[in-house]
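Below is one structure; the comments refer to it alone.
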Amino acid sequence: MILKVEHISKSFGGVKAINDTSFSVNEQEILALIGPNGAGKTTLFNIITGNYKATSGQIFFKDANITHLKPHKIVHLGIARTFQNIRLFSSMSVLENVLIGFHHQIKYNVIEAFLHLGRFKKTEKQFTQKALELLDELRLNEFAQLKAVNLSYGQQRKVELARAMATNPSLLLLDEPAAGMNSKESNDLAELLLHLRTKYKIAILLIEHDMKFVGKLCDKVVVLDYGKMIFEGRLDEAVQQKEVIAAYLGDFNVSS
């Protein structure tokens with residue numbers, strides 16, 4: 001078990017966005033949080049990554065209690081995240097955006113960086129090589145020197161993924177990674193994530209509305225209903241639950 005969410009609740013004023021939710025993610029497991037808009041999925045992501053503080057409950061990562069840690073501390077421990085709305089630096093190149101992911105691993109000081117002395121050149125060369133290797137892994141190396149804003153939507157999603165991978169995570173949180181993609185793009189992304197899971201031995205927790213994408217990629221799902229978990233298990237089991245079908249999946253058929 002790499003992540004354990006225990007009885008997490010979150011209230012905004014009188015509104016309870018998350019209501020006593022518990023689940024776990026095992027090492028190298030891919031788990032999806034599913035549910036309609038407003039179910040509390042992104043709120044739960046924000047709590048796990050330290051952007052929101054839980055009203056009650058605890059979160060453990062690799063047996064360490066991270067409930068009250070700041071976001072940068074959580075990144076250092078090995079949790080990386082992408083966002084529903086792409087957050088790239090439009091004025092920077094693709095390569096520069098990925099290099100930002102290595103920031104917390106930098107060992108040189110301000111003076112060395114300003115004067116390009118000491119450890120600066122060696123470290124920059126090392127991280128540039130690693131960034132280029134990640135871009136090659138995601139088939140983006142030919143765009144390394146282009147402005148990130150000039151890439152297609154699907155390519156920008158991959159740049160954000162490369163930047164998250166640059167933090168050397170053990171757990172990767174993806175907020176609607178297949179949103180806006182066509183069928184081929186989402187299939188390619190599913191294959192890529194399975195490859196990254198195997199090669200880098202990472203676990204993946206994602207939010208997604210595309211159930212076909214979830215079915216191809218995920219080992220299990222957690223279903224939220226108004227912030228409360230109503231199901232945890234395999235997707236093909238979830239679609240047999242009347243409560244789940246009525247609330248989230250409609251007439252979706254996992255074999256379609």
Indicate if F60 and L3 have the same hydrophobic cluster label, given that clusters are the connected sets of ILVMFWY residues with side-chain heavy-atom separations under 4.5 angstrom.
no
Rounded to the nearest 0.5 Å, the NZ atom of K216 sits from the CG atom of D210 at a distance of 8.0 Å
How many angstroms lie between CD in E96 and OG1 in T128, if you round to the nearest 0.5 Å?
9.5 Å
With distance as the sole test, does E29 use its side chain to make a donor-acceptor pair with the main-chain N or O of N26 at under 3.5 Å?
yes
Sub-4.5 Å side-chain heavy-atom contact between L44 and F23
yes
Residue pairs meeting salt bridge (Lys or Arg N to Asp or Glu O under 4.0 Å), one or both in residues 40-65, sequence neighbours left out, come to none
What pairs meet the salt bridge (Lys or Arg N to Asp or Glu O under 4.0 Å) rule with one or both residues in residues 176-190, with sequence neighbours excluded?
K184-D188
Would you mind reporting whether L135 and V98 have side-chain heavy atoms less than 4.5 Å apart?
yes
Taken in chain and number order and not counting sequence neighbours, the residues that satisfy side-chain contact (heavy atoms from CB on, under 4.5 Å) with R139 are none
Beyond-backbone contact of L217 with L193, side-chain heavy atoms, under 4.5 angstrom
yes
If hydrophobic clusters are built by linking Ile, Leu, Val, Met, Phe, Trp and Tyr wherever their side-chain heavy atoms come under 4.5 Å apart, do L189 and Y153 end up in the same one?
yes
State, yes or no, whether a side-chain contact exists between Q145 and L95 at a heavy-atom distance under 4.5 Å.
yes
Can a donor-acceptor pair be found, under 3.5 Å and without considering hydrogens, that links the side chain of Q156 to the backbone of L151?
yes
Sorted by chain and residue number, the side-chain contact (heavy atoms from CB on, under 4.5 Å) partners of T43 (sequence neighbours excluded) come out as K10, F12, A17, I18, I47, Y52
Should S22 and V5 count as side-chain neighbours, where that means a heavy-atom distance under 4.5 Å?
no
Please report the shortest heavy-atom distance between T21 and G227, naming the atom on each side.
OG1-O, 2.9 Å
Is any side-chain N of the basic residue among E160 and K158 closer than 4.0 Å to the acidic one's carboxylate O?
no
Show the numbers, then the answer: is there a side-chain contact (heavy atoms from CB on, under 4.5 Å) between I34 and V222?
CA-CA 6 Å; I34 63 175; V222 166; over 6 Å; no
Taking atom types as modelled, is there a side-chain donor on D175 or T42 under 3.5 Å from an acceptor on the other?
yes
Side-chain (D136) to main-chain (L132) donor-acceptor, under 3.5 angstrom:
no
Which pair of non-hydrogen atoms, one from V25 and one from A203, has the smallest distance, and what is that distance?
CG1-CB, 4.1 Å
Main-chain N/O of G101 paired with T167 side-chain donor or acceptor, under 3.5 Å:
no
Closest approach of N51 to P71 (non-hydrogen atoms, all atoms of both residues):
OD1-CG, 3.9 Å
Same apolar cluster: F83 and V75, side chain cutoff 4.5 Å:
no
Look at the side-chain heavy atoms of Ile, Leu, Val, Met, Phe, Trp and Tyr, link any pair under 4.5 Å apart, and say whether V159 and M181 land in one connected group.
yes
CA sep, side-chain torsions, deciding dist, call: L196, I204, side-chain contact (heavy atoms from CB on, under 4.5 Å)
CA-CA 10 Å; L196 293 175; I204 299 174; 5.7 Å; no
Heavy-atom closest pair, residues C218 and A32
SG-CB, 3.6 Å
Between T198 and L194 (side chain of the first, backbone of the second, donor and acceptor by atom type, cut-off under 3.5 Å), is there such a pair?
yes
With side-chain contact (heavy atoms from CB on, under 4.5 Å) as the test, would you mind laying out the steps for V94 and R163 before giving the verdict?
CA-CA 9 Å; V94 169; R163 185 175 62 191; over 6 Å; no
Tightest non-hydrogen contact, residues S11 and T55, listed as N-OG1, 2.9 Å
Pair listing, ring pair (Phe, Tyr, Trp, His ring centres under 6.0 Å) test, anchored in residues 179-224, at least two apart
none
Trace of the side-chain contact (heavy atoms from CB on, under 4.5 Å) decision for L161 with L172:
CA-CA 9 Å; L161 176 58; L172 187 60; 3.6 Å; yes
Give me each pair satisfying salt bridge (Lys or Arg N to Asp or Glu O under 4.0 Å) with a member in residues 197-209, each pair once, sequence neighbours excluded.
E137-K199, R197-D219
Note: A164 and T82 closest approach over all heavy atoms is CB-CG2, 4.1 Å
Honestly curious: do M229 and M1 fall in one hydrophobic cluster under the side-chain, below-4.5 Å linking rule?
no
Does the E237 side chain pair with the main chain of R234, one donor and one acceptor, at a distance under 3.5 Å?
yes
